[in-house]
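Taking it in order: structure first as structure tokens, then the write-up.
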Amino acid sequence: MPPENLRVEFDKRFGGNCNIFRAPGRVNLIGEHTDYNDGYVMPVAIGFDTYVACAEMDSGKVVVQSLQQPESASFAVHEAQPHPVHNWTDYVRGVLIQLEREGCTLRGANLLIDGHVPIAAGLSSSAALEVATALALLDGSDHRMDNTMIARLCQRAENEFVGSRCGIMDQFASLNGRDGKALQLDCRSLDVRFIPLPEEVSLVICNTMVKHSIAAGEYNARRAQCEEGARYFAQFREGIRALRDITDADLQRHGGGLSDVLLRRCRHVVTENARVLCAADALESGDLKGFGQLMYDSHRSLKSDFAVSCPELDIMVELAAKVPGTYGARMTGGGFGGCTINLVERNEARRFSERMAKDYQDATQIRPEIYVTGAAKGAGPAVDKTKQQPWMSV
Ligand code: GLA
């Protein structure tokens, strides 16, 4: 729904004016499961947004509703021991708790959410919700925070209240996305290099429509394995704080002392970090073939070493590799379902999408969703004009 309609709907439900903020989802071009290892990633913000309409109230409570989800919530702003209720409203509440901890005191608010980021597809619908909520609530307070502080705050909301130990990538990308540019982000220093996407390529996202329920537990388990790996290597050399600090030589020299599973997990992170750096150079120099090859390599590593792919994602990548005009393809996001990201010659993007829709359905009997997108701009106040969708759905 365009922001002006959301405003009308807000008035109908709550009465009165509101401010509207938007935050986009993201797709990661390369650098998966590296952010929580202090490593490198390369996301872009995409043309799907979550909107949060908000009015500050003196009610002492926050009321939150959604245009898409049946659940709603109403909670006291200063409740002593809040507990998650395990639905989407936890993201809003998690952000509120963190804002309060930062000294941003709220008197109450009504919130209406309009989400357009596909849910549970690995495109960061939760980060978009957190970021748009934080911006909306901050707007009504005197508290000022820069994008980096907001990204960290939203990450803490997810880590501490929702219970997913995610890294910083999604929230950072949602806040700092730029039109036509990929962000090569160093997740330790948060230094970012903006790399223009060449005109002649499109980003095509293929949604397998599969979501495996093991995902949440497996994500935290991977993170724990990475931390164990880092602790193991730290005994051999000073200055190792995370897998980011491990070199190929460390792996060769000491990897033999790890279990097979831990060695694979560490190897994925070490090689994936190296791939991101090579991919950034390839993109900058216009070497799309080289970039695409790194995407395929990344997928292989995620599948065999990190074990976060699934048959449907593998099929999507294999099918894409056969279509003319494809430079590269890989799973994107946490894994176990969700989407692949494909780098495709712009002139071929429509044909690619149509063929993928058909071939995937033939192979799996599942009808996929395919989105052709570019790199979009990061979160901010919503613009009240009928917005043209910067993506096309097939
Ligand atoms: C999820 C998390 C991110 C990141 C990716 C994997 O999207 O939210 O922080 O770890 O998985 O790269």
Side-chain angles (χ1 to χ4, degrees), residues 23-46 48 50 88 90-91 94-95 117-131 148 151-177 182-188 190 205 207 211-212 214-227 230 242-244 265 268-273 275-276 279 294-295 298-299 301-303 305-310 313 330-341:
R26 66 93 192 97
V27 69
N28 190 18
L29 302 185
I30 194 159
E32 219 65 81
H33 289 274
T34 44
D35 62 350
Y36 55 80
N37 290 300
D38 278 3
Y40 304 105
V41 293
M42 200 190 293
V44 305
I46 55 175
F48 293 98
T50 289
W88 66 273
D90 285 345
Y91 295 104
V95 167
V117 184
I119 292 175
L123 300 177
S124 296
S125 57
S126 39
L129 175 58
E130 292 153 14
V131 167
T148 299
R152 288 198 196 279
L153 180 141
C154 292
Q155 182 196 11
R156 283 200 301 278
E158 196 151 338
N159 290 170
E160 292 172 21
F161 190 66
V162 180
S164 151
R165 300 188 61 214
C166 68
I168 189 81
M169 167 170 70
D170 306 347
Q171 294 81 0
F172 192 94
S174 180
L175 279 152
N176 295 295
L183 286 72
Q184 191 227 312
L185 175 67
D186 176 335
C187 296
R188 173 172 280 166
L190 296 188
I205 298 169
N207 190 343
K211 173 79 193 149
H212 291 286
I214 47 168
E218 290 289 333
Y219 183 91
N220 287 352
R222 291 298 177 285
R223 184 163 178 167
Q225 287 170 334
C226 289
E227 285 163 357
L243 287 186
R244 145 76 174 268
R265 304 296 185 256
H268 166 72
V269 177
V270 172
T271 57
E272 185 77 351
N273 275 327
R275 278 188 287 272
V276 177
L294 291 160
M295 291 173 81
S298 166
H299 185 80
S301 177
L302 286 157
K303 176 183 171 183
D305 276 351
F306 217 64
V308 289
S309 188
C310 66
L313 283 167
R330 56 181 288 279
M331 56 156 275
T332 189
F336 303 104
C339 295
T340 62
I341 172 71

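Both ligands and their constituent atoms are indexed starting at 1 by order of listing. Residues: numbered from 1 along the sequence shown. These figures come from a predicted structure and were not determined experimentally.
- Donor-acceptor pairing under 3.5 Å is recorded for the side chains of R275 and S301.
- Distances below 4.0 Å separate heavy atoms of D35 from the following atoms of ligand 1: 3 (C), 4 (C), 9 (O), 10 (O).
- Among protein heavy atoms, atom 10 (O) of ligand 1 sits closest to Y219 OH, 2.5 Å.
- Every atom of ligand 1 is numbered from 1 in the order shown, and the set under 4.0 Å from a heavy atom of M169 is 4 (C), 5 (C), 12 (O).
- In summary, E227 and R165 engage in a salt bridge, as defined by a charged side-chain N under 4.0 Å from a carboxylate O.
- Residues forming a side-chain contact (heavy atoms from CB on, under 4.5 Å) with T148 (at least two apart in sequence, or on another chain): D146, R152, F172, L190.
- When each atom of ligand 1 is checked for a heavy atom of Y36 under 4.0 Å away, the hits are 10 (O).
- Between F306 and H33, the ring-plane angle classifies as tilted under the 30° and 60° cut-offs.
- Contacts between R26 and ligand 1, counted as non-hydrogen atom pairs separated by less than 4.0 Å, involve the side chain only.
- The pair R244-D38 fails the salt-bridge criterion, with no side-chain N (NZ, NE, NH1 or NH2) lying under 4.0 Å from an Asp/Glu carboxylate O.
- The aromatic rings of Y219 and Y36 sit perpendicular to each other, their planes meeting at more than 60°, with 30° as the lower class boundary.
- Protein heavy atom at the shortest distance from atom 8 (O) of ligand 1 is D170 OD2, 2.6 Å.
- Near C166, meaning under 4.0 Å from any of its heavy atoms, are these atoms of ligand 1: 2 (C), 8 (O), 9 (O).
- Set against the non-hydrogen atoms of G167, the atoms of ligand 1 under 4.0 Å away are 9 (O).
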